[in-house]
Amino acid sequence: MPMSRGHQPRCVLVTGGAGFIGSNFLLRMVPRYPEVTFLNLDKLTYAGNLMNLRSIEHANNYAFVRGDVADMALMQSLFAQYHFDSIVHFAAESHVDRSIMAPVTFVHSNTVGTVTLLEAARQAWTSPQRHPNAYRFLHVSTDEVFGSLDLDAYFTRDTPYDPRSPYSASKAAADHFVRAYAHTYELPVVISNCSNNYGPYQFPEKLIPLVISRAVQGQAIPIYGKGANVRDWLHVEDHCDALDLILHRGIVGDTYLVGGNNERTNLDLVRLLLTLVDDRLGHAAGHSQQLITFVADRPGHDFRYAISAAHLQRTLGWQPRYSLESGLRQTVAWYLDHRDWLQQVIDRSYRDYFQAQYGIV
Ligand code: NAD
Ligand code: TYD
């Protein structure tokens, strides 16, 4: 542990640890902190994938439980069994397009799930003499709670909430409950809101792995509207290292915005990605650009997200290690080297792997 002050985790409940960011977090933290126990609680929805965690599944300081974060009895029994002193809460339905098709699931997992976990933590962390740094509830949220920006502003910690999709509304509601538990019960919470992540193990319904996988297959690449919407891209490893810092040294009750300062329009991003894919596959320059296909826009499509991470950089000294180009190059190489992973995720045959390995479907 590099830090001398702040919170010193001994037993961490990681929810949603079989998803994209959660599995990257565990793959980094389980070997980094061998003296700390990590319990991964995940429902294994379509987005959860135990294959991601193969390299740590037998580590002495790691265990997995399948379950729903909104299941209060299960949460209480896990607290009683493991005596967690830290929670890193990733579990959520995370895809905006799915939230437009089926919003109620998002309320269940993202809002009710978060309140259930808060309540289980409040019941377990009751000791009146508790040291201010004894416990930490790190709630992983999104910049989408702030709504949509025009071209010239940035989200800061003071930006008012203005969620505009069922996904961001369910996350905003969760954030409000986290602050309510801090205010009412003095639960030691920290919130992080981050921009769009990319990197290994992302489910290929999200833009970057979708573009790479479809380019490999020579399939049309759908761009919503005119491709003018802007996102601020953050490599998942930089995000996980920020969360590591925030868990250990974040100030109780504070909010940390995490962003890569890498804004691109969707069209520019896709063009760059296709250039990198062609380069890696030895195709002629421009080969895959013809796959770009403009399709109907997403309903209520937020125009721009952009984060100021100045507070995190100033107070905790965080800096991203990847530039957008170096991060995308690494990401393209990873997906092209893991086409078996991509194919299994796409055709869902990895359910057979679960059945064989864990007796679950
Ligand atoms: P993901 O969809 O890849 O993974 C979510 C994981 O949560 C899956 O393993 C799934 O099985 C699990 N899960 C879903 N509902 C559950 C429930 N009710 N109980 C237990 N487990 C459940 O998502 P992700 O991209 O890894 O995002 C993780 C967190 O980070 C989410 O809270 C999301 O809102 C937040 N976030 C993500 C991004 C991004 O760009 N991916 C950006 C900002 C914030
Ligand atoms: P996405 O990866 O779904 O993240 P979010 O909606 O949380 O920002 O989408 C990123 C951007 O790419 C968003 O502006 C929507 C757009 N997009 C497309 O143009 N085509 C696609 O097929 C997808 C999945 C997204």
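Just so you know, ligand 1 is whichever comes first in the structure, and atom 1 is the first atom listed for that ligand. For reference, positions follow the sequence shown, starting with 1.
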Novice: For ligand 2 and L210, I'd like to know whether there is a polar contact (N/O to N/O, distance under 3.5 Å).
Specialist: no

Novice: Give the residue and atom name of whichever protein heavy atom lies nearest to atom 26 (O) of ligand 1, and the separation in Å to one decimal.
Specialist: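 Among all protein heavy atoms, the one nearest atom 26 (O) of ligand 1 is I21 N, 2.8 Å.
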
Novice: May I ask you to identify the nearest protein heavy atom to atom 25 (C) of ligand 2, giving residue, atom name and distance to one decimal place in Å?
Specialist: Y224 CE1, 3.5 Å

Novice: Would you indicate whether the side-chain heavy atoms of K226 and D297 approach each other to under 4.5 Å?
Specialist: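 Sidechains of K226 and D297: no contact.
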
Novice: Measure the distance from atom 21 (N) of ligand 1 to every protein heavy atom, then report the residue, atom name and distance (to 0.1 Å) of the closest one.
Specialist: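 Going by distance alone, atom 21 (N) of ligand 1 is nearest to K43 N, 3.1 Å.
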
Novice: With respect to E205, determine whether any N or O atom, backbone or side chain, lies less than 3.5 Å from an N or O atom of ligand 2.
Specialist: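 In this structure, E205 places no N or O atom under 3.5 Å from an N or O of ligand 2.
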
Novice: Between T275 and Q289, is any pair of side-chain heavy atoms under 4.5 Å apart?
Specialist: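 They are in contact (side-chain heavy atoms under 4.5 Å apart), so the answer is yes.
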
Novice: Which protein non-hydrogen atom lies closest to atom 8 (C) of ligand 1, naming both residue and atom, and how far is it?
Specialist: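 In this structure, atom 8 (C) of ligand 1 has D42 OD2, 3.6 Å as its nearest protein heavy atom.
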
Novice: Between D232 and R304, does any side-chain N to carboxylate O distance fall below 4.0 Å?
Specialist: no

Novice: Has ligand 1 got any nitrogen or oxygen that is less than 3.5 angstrom from a nitrogen or oxygen of Q202?
Specialist: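 Checking ligand 1 against Q202, no N or O pair falls under 3.5 Å apart.
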
Novice: Less than 4.0 angstrom from a charged side-chain N to a carboxylate O is my criterion; do D337 and R280 meet it?
Specialist: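 Yes, charged N to carboxylate O under 4.0 Å.
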
Novice: Which residue from F203, Y46, Y167, F20 reaches closest to atom 35 (C) of ligand 1 through any of its heavy atoms?
Specialist: Y167

Novice: If the cut-off is 4.0 Å to any non-hydrogen atom of S195, which atoms of ligand 1 fall inside it?
Specialist: 42 (C), 43 (C)

Novice: Mind checking whether Y322 and H235 have parallel, tilted or perpendicular rings, split at 30° and 60°?
Specialist: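 Answer is parallel, since the angle falls under 30°.
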
Novice: Classify the ring geometry between F137 and H139 as parallel (under 30°), tilted (30 to 60°) or perpendicular (over 60°).
Specialist: tilted

Novice: Among S170, G259, A92, G113, which residue places a heavy atom closest to atom 14 (C) of ligand 1?
Specialist: A92

Novice: Please state which part of K171 comes within less than 4.0 Å of ligand 1, counting heavy atoms only: side chain, backbone, both or neither.
Specialist: side chain

Novice: Please check whether E93 reaches ligand 1 - meaning an N/O of the residue sits under 3.5 Å from an N/O of the ligand, judged on distance alone.
Specialist: no

Novice: Quick test: of every protein heavy atom, which one is nearest to atom 19 (N) of ligand 1, and how far off is it to 0.1 Å?
Specialist: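 It is V69 N, 2.9 Å.
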
Novice: In terms of atom number and element, which parts of ligand 1 are under 4.0 angstrom from non-hydrogen atoms of S94?
Specialist: 1 (P), 2 (O), 23 (O)

Novice: So which of R98, R298, R214 gets nearest to atom 9 (O) of ligand 2, if we judge by its closest heavy atom?
Specialist: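 The option holding the nearest heavy atom is R298.
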
Novice: Using a strict threshold of under 4.0 Å (side-chain N to carboxylate O), is an ion pair present between D244 and R32?
Specialist: yes

Novice: Check each atom of ligand 1 against the heavy atoms of S109 and keep those under 4.0 Å away; list them by number with element.
Specialist: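 Answer for ligand 1: 15 (N), 16 (C), 17 (C), 18 (N).
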
Novice: Any N/O of T45 closer than 3.5 Å to an N/O of ligand 1?
Specialist: yes

Novice: Determine, for D85 against R136, whether the closest basic-nitrogen to carboxylate-oxygen distance falls under 4.0 angstrom.
Specialist: no

Novice: For atom 16 (C) of ligand 2, what is the nearest protein heavy atom, given as residue, atom name and distance?
Specialist: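 That would be N266 ND2, 3.4 Å.
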
Novice: Going by heavy atoms, is S23 under 4.0 Å from ligand 1?
Specialist: no

Novice: Any idea which atoms of ligand 1 are less than 4.0 Å away from a heavy-atom of L44?
Specialist: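 In order of number, 11 (O).
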
Novice: If you have a sec, work out which protein heavy atom is nearest atom 20 (N) of ligand 2 and how many Å separate them, to one decimal?
Specialist: P222 O, 2.9 Å

Novice: What atoms in ligand 1 come closer than 4.0 Å to a heavy atom of G48?
Specialist: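 Every atom of ligand 1 under 4.0 Å from some heavy atom of G48: 8 (C), 9 (O), 11 (O).
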
Novice: D143 versus ligand 1: do any nitrogen or oxygen atoms come within less than 3.5 Å of each other?
Specialist: no

Novice: Side chain, backbone, both or neither: which part of V295 has a heavy atom under 4.0 Å from ligand 2?
Specialist: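 For V295, there is no contact with ligand 2 at all, from either part.
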
Novice: Output yes when R98 and E93 qualify as a salt bridge under the 4.0 Å nitrogen-oxygen rule, no when they do not.
Specialist: no

Novice: Is any side-chain N of the basic residue among E237 and R28 closer than 4.0 Å to the acidic one's carboxylate O?
Specialist: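 Yes, charged N to carboxylate O under 4.0 Å.
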
Novice: Heavy-atom distances under 4.0 Å are what count here, so tell me which part of L207 touches ligand 2: side chain, backbone, both or neither.
Specialist: both

Novice: May I ask you to establish whether R298 and Y224 are in a cation-pi arrangement, using a distance under 6.0 Å from NZ or CZ to the six-membered ring centre and at most 45° from the ring axis?
Specialist: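 Ring-cation test returns no.
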
Novice: Measure the distance from atom 31 (C) of ligand 1 to every protein heavy atom, then report the residue, atom name and distance (to 0.1 Å) of the closest one.
Specialist: F90 O, 3.1 Å

Novice: In ligand 2, which numbered atoms sit nearer than 4.0 Å to a non-hydrogen atom of H301?
Specialist: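 Going through ligand 2 atom by atom, the ones under 4.0 Å from H301 are 13 (C), 14 (O), 15 (C).
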
Novice: Would you indicate whether the side-chain heavy atoms of L257 and R157 approach each other to under 4.5 Å?
Specialist: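 Yes, at least one pair of side-chain atoms sits under 4.5 Å.
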
Novice: Indicate yes or no: does R122 engage E119 in a salt bridge with an N to O separation below 4.0 Å.
Specialist: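 E119 and R122: salt-bridged.
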
Novice: If we only count heavy atoms from C-beta on, is the P204 to V345 side-chain gap below 4.5 Å?
Specialist: yes

Novice: What is the closest protein heavy atom to atom 43 (C) of ligand 1, and at what distance does it sit?
Specialist: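 Sorting protein heavy atoms by distance from atom 43 (C) of ligand 1 puts C194 SG, 3.2 Å first.
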
Novice: Flag the pair I87 / Y135 as yes when at least one side-chain heavy-atom distance between them is below 4.5 Å, and no otherwise.
Specialist: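 Contact flag for I87/Y135 side chains = no.
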
Novice: For a 4.5 angstrom cut-off between non-hydrogen side-chain atoms, does H311 reach L316?
Specialist: no

Novice: Where is the nearest protein heavy atom to atom 7 (O) of ligand 2: which residue, which atom, and how far?
Specialist: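 Its nearest protein heavy-atom neighbour is E144 OE2, 2.6 Å.
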
Novice: With heavy-atom distances below 4.0 Å as the criterion, list the atoms of ligand 1 near G67.
Specialist: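 Atoms satisfying the 4.0 Å criterion: 19 (N), 20 (C).
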
Novice: Taking atom CZ as the centre, does F177 end up with more than 12 heavy-atom neighbours from other residues, nucleotides or ligands that are less than 6.0 angstrom away?
Specialist: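 For F177, atom CZ is not crowded (no more than 12 foreign heavy atoms under 6.0 Å).
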
Novice: Going by the order shown, which atoms of ligand 1 are within less than 4.0 Å of some heavy atom of V140?
Specialist: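 This gives 30 (O), 32 (O) as the contact atoms.
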
Novice: Using a strict 4.0 Å cut-off to heavy atoms of H95, name the atoms of ligand 2 that fall inside it.
Specialist: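 In order of numbering, the contacting atoms are 3 (O).
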
Novice: Considering both backbone and side-chain atoms of Y305, is one of its nitrogen or oxygen atoms within less than 3.5 Å of a nitrogen or oxygen in ligand 2?
Specialist: no

Novice: May I ask you to identify the nearest protein heavy atom to atom 40 (O) of ligand 1, giving residue, atom name and distance to one decimal place in Å?
Specialist: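 Ranked first by proximity to atom 40 (O) of ligand 1 is N197 N, 2.8 Å.
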
Novice: Among all protein heavy atoms, pick the one closest to atom 44 (C) of ligand 1 and tell me residue, atom and distance.
Specialist: S141 O, 3.2 Å

Novice: For atom 4 (O) of ligand 2, what is the nearest protein heavy atom, given as residue, atom name and distance?
Specialist: N196 ND2, 3.3 Å

Novice: Between F84 and Y82, what is the ring plane arrangement, given parallel below 30°, perpendicular above 60°, and tilted in between?
Specialist: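 The arrangement is parallel - the two ring planes meet at less than 30°.
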
Novice: Number the atoms of ligand 1 from 1 as they appear, then name those within less than 4.0 Å of a heavy atom of A91, with their elements.
Specialist: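 This gives 7 (O), 20 (C), 21 (N), 22 (C) as the contact atoms.
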
Novice: Compare all side-chain heavy atoms of L267 with those of F294 and state whether any distance is below 4.5 angstrom.
Specialist: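 Yes, their side chains come closer than 4.5 Å.
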
Novice: Heavy-atom distance under 4.5 Å between the side chains of P188 and W125, does that happen here?
Specialist: yes

